[in-house]
> 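This is the structure, below, for whatever I ask next.
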Amino acid sequence: MIGFLRLMIFGLVGLTIAYWLMLIYMRSLKREDLENEWDEVSGEGLPPRDTYIDEGMSGYEHSLKRKLVWLVVIVPICLFGVLLYFMNFNS
């Protein structure tokens, strides 16, 4: 039982670290895309660079792509639960 609890704790810590690293990486990619987009069309009446990037990032915070990062945590937990169920109760 202690081994199982240790596995759960280390697994959740690992998944949390993976989630935060992926979140930081995805945000940096979006920010870089917004910066490149502003650089390409900067002379066409766009707002100042910081304002443009802040508006784009606030739109990203509510996007589906940002929410799909949660699958990094949810899918392994569900797969582990299904595997645990079938190994213990379907034998």
Side-chain angles (χ1 to χ4, degrees):
M1 182 69 176
I2 297 295
F4 178 70
L5 290 175
R6 188 180 315 159
L7 175 67
M8 281 182 29
I9 290 170
F10 283 121
L12 288 175
V13 167
L15 288 174
T16 302
I17 290 170
Y19 168 76
W20 282 107
L21 290 174
M22 185 175 289
L23 183 67
I24 291 168
Y25 178 69
M26 296 295 285
R27 283 181 52 87
S28 71
L29 286 179
K30 180 63 177 176
R31 185 173 186 87
E32 186 176 344
D33 285 344
L34 288 169
E35 289 171 353
N36 291 338
E37 184 178 320
W38 190 88
D39 288 339
E40 288 175 3
V41 291
S42 61
E44 298 180 13
L46 291 177
R49 182 183 178 110
D50 292 335
T51 306
Y52 181 76
I53 292 172
D54 289 340
E55 289 174 1
M57 291 305 290
S58 68
Y60 173 74
E61 292 299 322
H62 302 291
S63 70
L64 179 63
K65 188 182 239 184
R66 165 109 162 55
K67 292 176 179 112
L68 286 177
V69 175
W70 271 103
L71 291 177
V72 171
V73 176
I74 295 171
V75 170
I77 291 173
C78 290
L79 287 176
F80 184 74
V82 167
L83 182 65
L84 186 66
Y85 173 78
F86 280 115
M87 288 182 70
N88 288 320
F89 301 112
N90 270 351
S91 47

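Computed from a predicted structure; not experimentally measured. When reading the values below, keep in mind they use all heavy atoms of this one structure, side chains included, and skip hydrogens, waters and symmetry mates.
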> Test of understanding: clusters of I, L, V, M, F, W, Y form through side-chain heavy atoms closer than 4.5 Å, transitively. Do Trp20 and Val69 belong to the same one?
yes

> Ignoring hydrogens, what is the shortest heavy-atom contact between Ser58 and Glu55? Give both atom names and the distance.
OG-O, 2.8 Å

> Check Ala18 against Val72 and note the closest heavy-atom contact, atom names and distance.
CB-CG1, 4.1 Å

> List the atom of Lys30, the atom of Met57, and the distance in Å for their closest heavy-atom pair.
CG-SD, 3.9 Å

> Looking only at heavy atoms, which two atoms of Asp39 and Arg49 are closest? And how far apart?
OD1-NH1, 2.6 Å

> For the residue pair Glu35 and Ile53, what are the closest heavy atoms and their distance?
CG-CD1, 3.2 Å

> In terms of hydrophobic clustering (I, L, V, M, F, W, Y; side-chain heavy atoms under 4.5 Å; direct or indirect links), are Val73 and Val13 co-clustered?
no

> Using a 4.5 Å cut-off on heavy atoms from C-beta on, say whether the side chain of Glu37 contacts that of Tyr52.
yes

> State, with a plain yes or no, whether a side-chain heavy atom of Val82 is found less than 4.5 Å away from one of Phe86.
yes

> Tell me who clusters with Met8, hydrophobic residues only, linked when side chains sit under 4.5 Å apart either directly or through other members.
Phe4, Leu7, Phe80, Leu84

> Would a distance-only check, ignoring hydrogens and angles, find a side-chain to backbone donor-acceptor pair under 3.5 Å from Trp38 to Pro47?
yes

> Starting from Ile24 and following side-chain heavy-atom contacts under 4.5 Å between hydrophobic residues (I, L, V, M, F, W, Y), which residues can be reached?
none

> Hey, quick one: are Val75 and Leu64 part of the same hydrophobic cluster, counting side-chain heavy atoms closer than 4.5 Å, chains of contacts allowed?
yes

> Quick check: do Thr51 and Leu46 have side-chain heavy atoms less than 4.5 Å from each other?
no

